[in-house]
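Data block below; observations after.
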Amino acid sequence: MKHLISAKQLQKTEIMEFIDRAKHMASILKQGGTHTLDGKLMAALFFEPSTRTRLSFETAMLRLGGQVISTESAREFSSAVKGETLEDTIRVVAGYVDVIVLRHHEIGAAARAASVSTVPILSAGDGAGEHPTQALLDLYTIERELGHVDGLTVALVGDLLYGRTVHSLVYLLSQFTSVRLLCTAPASTPLPDDVRDFALAKGVSVEYEPNLERAARQADVIYQTRIQKERFSSLAEYDAVKGKYVIDEGTLLVMKEHAIIMHPLPRAGEITPGVDKDPRAAYFRQSHYGVPMRMGILQHCLER
Amino acid sequence: MKHLISAKQLQKTEIMEFIDRAKHMASILKQGGTHTLDGKLMAALFFEPSTRTRLSFETAMLRLGGQVISTESAREFSSAVKGETLEDTIRVVAGYVDVIVLRHHEIGAAARAASVSTVPILSAGDGAGEHPTQALLDLYTIERELGHVDGLTVALVGDLLYGRTVHSLVYLLSQFTSVRLLCTAPASTPLPDDVRDFALAKGVSVEYEPNLERAARQADVIYQTRIQKERFSSLAEYDAVKGKYVIDEGTLLVMKEHAIIMHPLPRAGEITPGVDKDPRAAYFRQSHYGVPMRMGILQHCLER
Amino acid sequence: MKHLISAKQLQKTEIMEFIDRAKHMASILKQGGTHTLDGKLMAALFFEPSTRTRLSFETAMLRLGGQVISTESAREFSSAVKGETLEDTIRVVAGYVDVIVLRHHEIGAAARAASVSTVPILSAGDGAGEHPTQALLDLYTIERELGHVDGLTVALVGDLLYGRTVHSLVYLLSQFTSVRLLCTAPASTPLPDDVRDFALAKGVSVEYEPNLERAARQADVIYQTRIQKERFSSLAEYDAVKGKYVIDEGTLLVMKEHAIIMHPLPRAGEITPGVDKDPRAAYFRQSHYGVPMRMGILQHCLER
């Protein structure tokens, strides 16, 4: 069974295999897709809304010739209304399809699903936990845009405590050599200790750099994140953090010429529109890289 | 026009034909599906959420090579917001597709839809009324698990008043010979008189057996149901009924060796997780039998 | 790039081309569809619910052999919850698919989307603005039912102020010769000045005829509309207007023998059910004409 639950489970060789698969899928996409997954069926079970991620996965499956069943409101068919456990939901749906893409609001949900599923579970994010396919497409973005990952300085900007895409990204970056992380975060939302310790144990340099301009001057990759209102317990706490780190045209002036700006999207003001036209603004390209990466992941899970 | 509105409309010959079709479809599924419904389009119109049933029907259609249009929130496009009648909705959608799967919150909705539709209507449940495809997959489950239906003792457990799957199942069981029903229900939610009378008129033995253990000792099939909170008018009434009939590991000790436990799912505590690993726990297999049964029904409706 | 944003952008030659395409698609539908858009992918992004229009577009795409990704609750993935702009949403989704069908609650949204999209945008309605594909299917209906558009008298009945389908229809009718419009509307919801002036400038005769019976006697086409509660600022205003213009069996008695009654649907009482069986009741046929018209539009946008 080829579940994808956590970025932690991936070694460098596997990450590079996924990147190679994604490159291959990108060339297939240029030719208008393929039919290698003809007859295969994917379920998209989303217990919290994430239309972007859902549509990206569905696109990937359809571009491979597969089919999709989908729910935007999985909560309704499960615990919230009728008291069903996630495990029961998975046991039922696993009997319908060949692969399940799961988005859930609780940390650990993907692992729980995998423990009872007879088909591969691909996590599309679980609570403030992980989002491994996002991390893989982020790595693919870096590889496509900069040609390599080893030796890069990556500034992680914004909410590093609740931002699950950052956590999964750090796990992947930790597999590479001579990586330097700059944590450009409010004191209230630092990188969690276990994530930082994972990186340090793998030989990554992890530095606290609260000044965005200083981080921008040094970084090859600026990974900006959204301050997610829904992750904060009080509005006061959110307001204090929000808007502290905004990338604008001033940031462009101090950045390296070949650096890139990434963002998992959606953004809500933390990158100003004036930045979009700069070729170093890689975030929309990044969102598009998700399709070939997810095609590669699906193909990997469903091939014998 | 081959509508499927009520289990009452089905004679034993037809039920057996559907079971034979489902067996055939199960073998097709093992080979990875087929393309016999290539070019055919199914609409899933769900006026109340039932993701499980919707996904099961969509899976069936896609596994046959057909395509699907779908709505999880049909109420929005109809009466609630814009004042449209169900009949108008059906008249419109029948002009788009080849078959309509309808789930509605009002008893009789499927028959009303069929009366104006130019394409087959397959009821996926109407209010506290009927759920004929669930009953067919239940019969198919019994046939697959026990090899026959005639002569069986079936314990119906839980809410027999509001549980529409039970009503449809009783109609189908009534077509078979020497069937004995044990009604293991709270006094407040007995089998409705008309359903009971239908069974009696067909020669079925209908007995009231309020003791779960005594029922479990005698039954070949224990058909457990969920007490549906949303069907009760008061919380007090619900609380009084809830949890009165729970199948647990103690039940396994008194059951016949070859008996099976069924449940239309979702469950909410009325079968404890400890029961799952017993081979007599047939409820997840039952949910999977729904796909080949619905494939057979769709094929039947859409072939010339 | 072949966007379809406004009916105003269409000249008579183009309208007739779309009508010819729709006729061709109608014959393809009779043969069970085609595969000309095999490998193409359409996104249906609906920021306000319109299941009828969404299902019509999805049907069209699937009947052409294409595939669909879809959201009924696009608001959730955008501004409302996470603060994303429509422009960002479009930039992302345009990287997934080959064409985007957009329904939005704000006037001008479709044009904003088109300004940043790398794939065709087809407007499926924007606020109280326009609904160009509805207008094209309305024209196609007139052509199919009456054989021509030039020289017709069209009574526009009901809410002409907020009814966007009427606005788009008037723009298209204005491309034809000797067209006479009768505005049968409450004083509080007249045809907007700019729409009226557009028609007048094109040589259309625009007359105010508040009496439904007098309008019905003269019209070749009675275009009835729903009074949309959600467009009114007060309930009192809505109640005053609602029900003032109801087409019933009395209307049938005064209508021309070859006239037709159209309605964009859903209806909510403004055409009584007794009218349905009259052959001049064209509104359900009209809803079905939407599929071949949208097939023609999609084919037009996606072919080289």
Side-chain angles (χ1 to χ4, degrees), chain A residues 26 28-29 31-35 38 44 46 48-68 70-73 226-231 242-243 263-273 276-277 281 283-292 294-295, chain C residues 35-47 49 51 54 58 61-62 64-104 112-113 115-119 302-304:
Chain A
I28 282 177
L29 273 177
Q31 298 154 34
T34 179
H35 286 90
D38 185 33
F46 278 64
E48 64 174 15
S50 178
T51 312
R52 176 186 328 276
T53 301
R54 183 174 62 81
L55 295 184
S56 174
F57 263 112
E58 293 185 14
T59 296
M61 189 65 181
L62 293 167
R63 294 293 197 192
L64 286 165
Q67 289 285 9
V68 170
S70 185
T71 179
E72 297 190 64
S73 55
R226 184 169 64 92
I227 305 294
Q228 300 183 64
K229 200 175 185 174
E230 63 269 31
R231 302 289 178 208
K242 189 191 74 171
H263 191 301
L265 300 180
R267 62 175 164 179
E270 63 275 1
I271 301 177
T272 60
D276 295 0
K277 59 187 175 301
Y283 29 93
F284 292 117
R285 296 194 297 276
Q286 176 188 0
S287 76
H288 302 161
Y289 290 137
V291 174
R294 286 172 176 131
M295 289 170 73
Chain C
H35 286 91
T36 52
L37 294 190
D38 185 30
K40 296 294 183 188
L41 191 53
M42 177 188 105
L45 296 184
F46 278 63
F47 286 78
T51 311
R54 182 174 63 81
E58 293 186 12
M61 189 65 181
L62 293 168
L64 286 164
Q67 288 287 7
V68 171
I69 59 172
S70 186
T71 179
E72 298 190 62
S73 55
R75 271 196 203 204
E76 276 184 351
F77 106 86
S78 171
S79 34
V81 173
K82 294 178 178 170
E84 180 168 73
T85 62
L86 172 64
E87 284 82 352
D88 273 14
T89 302
I90 296 296
R91 284 182 186 109
V92 169
V93 177
Y96 298 170
V97 299
D98 302 298
V99 59
I100 294 173
V101 174
L102 176 70
R103 169 75 152 233
H104 203 275
R112 284 166 50 210
S115 73
V116 300
S117 179
T118 53
V119 300
L302 290 170
E303 74 193 4
R304 319 191 154 251

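First the proteins, then the strands, lettered A, B, ... as listed; each starts at 1.
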* Asked: Tell me, side chain or backbone of C:D98 under 4.5 Å from chain A's heavy atoms, or both, or neither?
  ->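 Interface part for C:D98: both.
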Under a 4.5 Å cut-off applied to non-hydrogen side-chain atoms, are [X] and [Y] in contact?
X	Y	value
C:Q67	A:R63	no
C:D38	A:H35	yes
C:L45	A:L55	yes

* Could you tell me whether a side-chain N or O of A:R54 sits under 3.5 Å from a main-chain N or O of C:S70, the two making a donor and an acceptor? => yes
* Quick one: pull up NE2 in A:H288 and OG1 in C:T118 and give me the separation to the nearest 0.5 Å. =>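 Answer rounded to 0.5 Å: 6.5 Å.
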* Sort A:L265 into side chain, backbone, both or neither according to what part of it lies under 4.5 angstrom from a heavy atom of chain C. => side chain
* Structure fact -> On a heavy-atom basis, the closest approach of C:Y96 and A:T59 is O-CG2, 3.4 Å
* Shortest non-hydrogen contact from C:D88 to A:F284? -> OD1-CZ, 3.2 Å
* Pick from A:S287, A:S56, A:G290: which one has the most heavy-atom pairs with chain C under 4.5 Å? -> A:S56
